[in-house]
Protein chains: 2
Amino acid sequence: MTDTPPVGARRGRPGHDRETVLRAAIDLFNERGYDATSIADLARELGVTKSAVFHHVASKEDLLSAALDEALTGLAAATQAAAATDSGSTDSGSTAYERLHATVAESVRILAAHLPAVTLLLRVRGNSPVEQEALRRRRVIDVELAGLVREAAREGDIRSDLEPELVSRLIFGTVNSLVEWYRPDGPVSPDDLAAAVTSLTFEGLAPRAT
Amino acid sequence: MTDTPPVGARRGRPGHDRETVLRAAIDLFNERGYDATSIADLARELGVTKSAVFHHVASKEDLLSAALDEALTGLAAATQAAAATDSGSTDSGSTAYERLHATVAESVRILAAHLPAVTLLLRVRGNSPVEQEALRRRRVIDVELAGLVREAAREGDIRSDLEPELVSRLIFGTVNSLVEWYRPDGPVSPDDLAAAVTSLTFEGLAPRAT
DNA sequence: GTCTATACCGCGATAGAC
DNA sequence: GTCTATCGCGGTATAGAC
């Protein structure tokens with residue numbers, strides 16, 4: 001046997017692969033913004049030339065597209081999973097309140113697990129077809145979430161003196177704002193964060209019985 | 001008397017002035033992002049050439065600087081005003097709870113009144129000295145807000161089972177997330193919005209006695 | 001798979017005429 | 001106050017050698 005690795009296996013030893021480039025790109029996009037980040041910046045970060053980067057990806061926008069897809073897939077799964085806590089048909093074993101509670105918690109966990117990609121998603125403005133498509137997919141998720149809030153209000157398990165659309169925007173505005181400061185390697189674990197967010201959202205700031 | 005306007009007064013009839021340019025710039029920066037917006041875009045929006053824009057402003061960054069200053073001045077005033085509801089020295093007539101409540105409401109109102117400038121501020125990443133200075137001033141405000149939350153918890157008027165820093169970040173994360181969707185010309189007035197945010201924040205989602 | 005070299009374009013900003 | 005014209009730079013992306 002020789003000392004060379006199996007030729008049949010996927011190799012790429014000398015340099016980087018697409019995934020490496022993508023991770024570095026997402027980090028840079030988040031640090032400086034997508035438009036303010038050049039391929040030259042990315043190449044410098046990876047220690048190669050611009051041309052080497054273009055060997056792995058078709059275009060700069062290609063990197064953005066992949067990152068947004070990761071975030072959207074995760075968030076869509078979060079809403080789906082929590083909604084399928086039971087749901088089924090007309091009236092199931094789970095209440096809308098329970099599903100809303102689970103969705104908020106799961107959204108926080110997904111956000112923490114895919115923080116860089118989700119951060120990028122939340123900053124997209126719709127400057128290109130790629131960004132517009134991402135915004136469209138985001139809107140679909142937002143509509144589902146608003147429906148869940150409306151349902152919980154109709155079932156009488158949450159207050160109904162405020163518009164469900166408004167409540168939904170405030171709740172998930174709180175969740176989304178986490179990308180501005182939360183770091184998974186900090187003192188607060190993702191599960192602790194999810195618990196704090198849900199507790200504050202559902203119970204408010206009132207002093208608790210000890 | 002002639003039909004020409006007073007020559008001594010500030011005039012500029014044929015074209016635009018610095019304020020016009022600034023308003024248009026802030027809107028474009030928010031729509032597409034600062035880096036993605038070129039002076040040519042701005043000139044096109046105003047119906048003039050790039051050179052005409054540079055007649056009114058020294059640089060593109062000059063526009064950003066002015067916008068960030070507007071937002072920061074407003075927000076600093078909001079925290080100051082609400083904190084000075086009484087405060088004074090050691091123990092005054094107002095509790096930290098009351099001051100926190102007033103600060104949240106006032107922050108929402110300022111955000112609504114200066115929505116474009118505040119939106120821009122909240123998207124700044126620190127890419128240049130101008131942006132870094134803005135982030136520094138933001139941080140000062142954030143520290144004051146966190147102190148207010150800590151004080152209210154110490155006085156026993158809000159729950160103390162969660163870290164004040166965490167609570168502060170969540171509350172003002174909710175407030176800041178308003179820039180992502182709120183429009184003052186929509187169905188919700190700034191005062192209604194401030195009432196909804198404070199109510200949801202302080203009282204939570206629990207059904208209310210009717 | 002990575003390199004050098006380069007085409008091509010749009011950017012921010014300036015000079016000087018009107 | 002706005003224009004035309006232009007500079008110099010850095011952007012994305014490509015071609016072809018190694």
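Owing to the predicted nature of the structure, the values given are computational and were not obtained by experimental measurement. To find a chain, count down the sequence lines: A is the first, B the second, and so on, and within it residues start at 1.
At a threshold of 4.0 angstrom between heavy atoms, the contacts of B/S38 are confined to the sugar-phosphate backbone, with no base atom among them.
With hydrogens and angles left out, the side-chain atoms of B/D62 and B/S59 include no donor and acceptor closer than 3.5 Å.
For B/K50 and C/dA15, the NZ to P distance is 15 Å, given to the nearest whole Å. For the pair A/E61 CD and D/dT12 P, the computed distance is 12 Å after rounding to whole Å. One interatomic measurement links the two molecules: CG of B/D41 to C1' of C/dG12, which rounds to 12 Å at whole-angstrom precision. In this structure, the CD1 atom of A/I39 is 22 Å from the P atom of C/dT6, given to the nearest Å.
Pairs engaging residues 170-194 of chain A under the ring-ring contact (aromatic ring centres under 6.0 Å, His included) rule: none recorded [sequence neighbours left out].
Scanning for ring pair (Phe, Tyr, Trp, His ring centres under 6.0 Å) contacts around B/H56 gives an empty result, with sequence neighbours left out. Applying the ring pair (Phe, Tyr, Trp, His ring centres under 6.0 Å) test to A/F54 and every residue at least two apart in sequence or in another chain returns nothing. Judged as a side chain to side chain donor-acceptor pair (under 3.5 Å), and not counting sequence neighbours, B/T103 has no contacts.
The stretch residues 20-36 of chain B has no heavy atom under 4.0 angstrom from DNA chain C at all.
For B/S65 (side chain) and B/E61 (main-chain N/O), no donor-acceptor pair under 3.5 Å exists by modelled atom type. Under the 3.5 Å distance criterion, the side-chain polar atoms of B/R169 are left unmatched by any main-chain donor or acceptor of A/E180. In this structure, B/S168 contributes its side chain and B/P164 its backbone to no donor-acceptor pair below 3.5 Å.
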Nucleotides 15-18 of chain D: which of its N/O atoms have a protein N/O under 3.5 Å away?
none

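In this structure, the nucleotide among C/dA13, C/dC3, D/dT14 sitting nearest to the side chain of A/F54 is D/dT14. Proximity note for A/T49 (side chain, C-beta onward) versus D/dT2, C/dT4, D/dT12: the nearest is C/dT4. In this structure, the nucleotide among D/dA13, C/dT2, D/dG1 sitting nearest to the side chain of B/H56 is D/dG1. Side-chain proximity of A/K60 to D/dT2, C/dC3, D/dT12: nearest is D/dT12.
Residue A/H55 has no polar side-chain atom (N or O) positioned under 4.0 Å from OP1 or OP2 of C/dT2.
The pair A/R137-A/D69 counts as a salt bridge, with a side-chain nitrogen and a carboxylate oxygen less than 4.0 angstrom apart.
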